[in-house]
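This report refers to the structure that appears directly beneath it.
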Amino acid sequence: MVGQEGHVVLLGHGPELPRVGDVRRAGQTALVVEEGFGRTHRVEDYAARLGYSPRTLTRATRAALGCGAKRFIDDRVLLEAKRLLVHTDLPQATIGERVGFAHPTVFSAFFRQHTGMTPTEFRSVTQS
């Protein structure tokens, strides 16, 4: 059965499935975020690169992946930062630069906001 806005609805099988266009947009988003998260964290930049409005990109990402575009971008940045903190001896400032932060204090604030600890604390906890 097809529900509102073109969603496929399987009767008796929980929530609606995302639309094919949303899944395609989310897949495209994942590819461009993978290529660009070290340069930009702005939804507007990725939307422009793909030819979508930020609202369309966020809606599609939320429908297909369960989170908005900004959260998806931030999660990818955070994953890479954690990977570099755990698996390298690079200084925090260098890691911040690699994941797209011009200033170490901004990277540290971003990391703390998302994890509840500083990059230094995270590295210490994961290496002990």
Side-chain angles (χ1 to χ4, degrees):
M1 175 176 169
V2 178
Q4 295 177 340
E5 300 181 29
H7 288 89
V8 175
V9 179
L10 301 176
L11 297 177
H13 287 78
E16 296 178 0
L17 297 173
R19 295 183 306 181
V20 172
D22 291 338
V23 173
R24 181 178 42 78
R25 284 184 198 92
Q28 292 170 332
T29 302
L31 291 173
V32 297
V33 167
E34 190 61 33
E35 294 170 358
F37 71 86
R39 291 185 301 277
T40 183
H41 305 153
R42 292 172 19 100
V43 173
E44 295 82 1
D45 294 337
Y46 294 106
R49 175 135 186 242
L50 293 167
Y52 303 127
S53 72
R55 182 176 180 203
T56 296
L57 193 61
T58 295
R59 182 188 49 76
T61 306
R62 185 170 290 118
L65 303 174
C67 67
K70 181 60 175 159
R71 170 117 185 248
F72 180 77
I73 295 163
D74 287 351
D75 286 352
R76 181 60 185 100
V77 170
L78 193 60
L79 177 66
E80 186 66 10
K82 287 178 175 180
R83 188 188 72 75
L84 291 169
L85 286 164
V86 170
H87 296 292
T88 73
D89 292 326
L90 292 171
Q92 172 184 325
T94 302
I95 292 171
E97 288 174 10
R98 285 201 182 176
V99 296
F101 293 94
H103 303 286
T105 55
V106 177
F107 169 59
S108 186
F110 169 87
F111 196 90
R112 175 174 256 172
Q113 177 185 9
H114 287 82
T115 66
M117 60 183 82
T118 67
T120 303
E121 292 167 339
F122 178 82
R123 180 176 265 166
S124 177
V125 166
T126 58
Q127 292 182 348
S128 50

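By convention here, the first residue in the shown sequence is residue 1.
The closest side-chain heavy-atom distance from Thr126 to Leu85 is not below 4.5 Å.
The number of heavy-atom neighbours closer than 6.0 Å to CZ of Arg24, taken from other residues, nucleotides and ligands shown, is above 12. Within a 6.0 Å sphere centred on CZ of Arg76, heavy atoms belonging to other residues, nucleotides or ligands number more than 12.
Classification of the Phe122-Phe111 ring pair by plane angle, with boundaries at 30° and 60°, yields perpendicular.
Thr58 and Thr61 form no side-chain donor-acceptor contact under 3.5 Å, judged by distance and modelled atom types alone.
In summary, Arg71 and Asp75 engage in a salt bridge, as defined by a charged side-chain N under 4.0 Å from a carboxylate O.
When atom types are taken as modelled, the side chain of Glu121 and the backbone of Thr118 share a donor-acceptor pair closer than 3.5 angstrom. In this structure, the side chain of Tyr46 engages the main chain of Gly36 through a donor-acceptor pair within 3.5 Å. Looking only at distances, a side-chain donor or acceptor of Lys70 sits under 3.5 Å from a matching main-chain atom of His41. Under a 3.5 Å cut-off, the side chain of Thr88 and the backbone N or O of Leu84 do form a donor-acceptor pair. Judged purely by atom type and a 3.5 angstrom limit, Arg112 has no side-chain atom pairing as donor or acceptor with the backbone of Met117.
Nearest heavy atoms, Gly68 versus Arg62: CA-NH2, 3.8 Å.
Taking the six-membered ring for Trp, His114 and Phe110 have ring centres closer than 6.0 Å.
Taken from CD in Glu44 to CZ in Arg55, the straight-line distance is 14.0 Å, to the nearest 0.5 Å.
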Let's go through Thr56 and Arg59 carefully: what are the C-alpha distance in whole Å and the side-chain angles of both, what is the deciding distance for side chain to side chain contact (heavy atoms under 4.5 Å, CB included) to 0.1 Å, and is it a yes or a no?
CA-CA 5 Å; Thr56 296; Arg59 182 188 49 76; 3.9 Å; yes

